[in-house]
2 protein chains.
Amino acid sequence: MLISTKGRYALRVLIDMAEHSGNEYIKLKDIAERQEISEKYLESIVKQLVIRNIVVGLRGKGGGYKLSKPADEIVVGDVLRFMEGSLAPVACLEESGATCPRAAECRTLTFWRGLDETIRRYTDSFTVADLTRTDNAGFDYII
Amino acid sequence: MLISTKGRYALRVLIDMAEHSGNEYIKLKDIAERQEISEKYLESIVKQLVIRNIVVGLRGKGGGYKLSKPADEIVVGDVLRFMEGSLAPVACLEESGATCPRAAECRTLTFWRGLDETIRRYTDSFTVADLTRTDNAGFDYII
DNA sequence: TATCAACATACTGTTATAATAGGGAAACGG
DNA sequence: CCGTTTCCCTATTATAACAGTATGTTGATA
């Protein structure tokens, strides 16, 4: 599985914020109820989004979270990559990983690089704003 | 990680067979040595390939494994899909999985379907024969 | 019939996932 | 200033998959 609940839930949180925010802060409790996701689990996910400055939080009454920038400036691929650590389809292509000693003679490496690039291109071609549209505009992947 | 060692090793085994077979059976021990993979672990992988009739085995002296059909008839996507169980990028798109009750209202489903389709197209555009070529012909994914 | 190699089953250490539990710190409203 | 609200922080845990290891059995060949 390329994408776990971390990446999936993070996207849903961002979309929810984009659709419900009138520049006000939204309580995590509300998002959790709308999305039917455990509030406590969402906390750990939103925490990452705060660290990455995708989202800002405010404590106390009237507090909550909101997007730190317009939804059309948040690239889906970026969100998924840091929530998952990496979107590399195979271990040998992970950013942090040591290069495989067999790389020079590897028959499959070029194939994996191509798959990695294909995934990158697709995920980077969408912003959170694209996903808020219900008419599915922007989904031109069907040739 | 979309692809584990199961899928990666399976591909390497098939490529190895395609490159070293003169229609003779190849010992798993030889493949394991060339590929630097544990012979015992390879057994569990090749077993799946036999079940799927990609490879045939022969016991006893002079025995081993060989491809059951020409390398250019073995689609990489097929091999990866059954070795990994699924290549779906998210749980909600797995063949066996029950459909998500939120599917009708899900903002992200179309996005995931597009990613799934993108991965399928790429992996289905290669055969094992393509990967045996050292000149990387066929890798036209770079536009 | 001895050998060789595929076939079969069971077990194990490690890691990631998907949470849950419980409290602490800051901001705002009154 | 005080108490409620809401974010923030640190464990802990159950489950499952991954990546192998170990041991033994069956069947073909020379």
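None of these values were measured; they are calculated from a predicted model. Chain naming here is simple, since letters A, B, ... match the order of the sequence lines and numbering starts at 1 in each.
With a 4.5 Å cut-off on side-chain heavy atoms, A/Arg34 and A/Glu19 do not count as touching.
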Quiz item: For every nucleotide of nucleotides 23-30 of chain D, 5' to 3': is a protein heavy atom under 4.0 Å from its base (B), only from its sugar-phosphate (S), or from neither (-)?
Solution: BB-BBBS-
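At the phosphate of C/dA16, neither OP1 nor OP2 sits under 4.0 Å from any side-chain N or O atom of A/Ser4. Within the structure, every side-chain polar atom (N or O) of B/Ser38 is placed at least 4.0 Å from both OP1 and OP2 of D/dA19. For C/dA18, one of the phosphate oxygens OP1 or OP2 lies less than 4.0 angstrom from a side-chain nitrogen or oxygen of A/Thr5. Taking 4.0 angstrom as the limit, B/Lys27 places a side-chain polar atom (N or O) nearer than this to OP1 or OP2 of C/dA5. OP1 or OP2 of D/dG20 lies within a sub-4.0 Å distance of a side-chain N or O belonging to B/Tyr9. For D/dC18, the OP1/OP2 oxygens have a side-chain nitrogen or oxygen of B/Lys6 closer than 4.0 Å. Residue A/Tyr65 has a polar side-chain atom (N or O) positioned under 4.0 Å from OP1 or OP2 of D/dC8.
Among the atoms of the strands shown, none is found under 4.0 Å from any heavy atom of A/Ile45.
For the pair B/Ile31 CD1 and C/dA6 C1', the computed distance is 12 Å after rounding to whole Å.
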Quiz item: Going through the checks in order, is the salt bridge (charged side-chain N to carboxylate O under 4.0 Å, His left out) test met by A/Lys47 and A/Glu43?
Solution: CA-CA 6 Å; A/Lys47 185 185 180 182; A/Glu43 277 189 3; over 6 Å; no
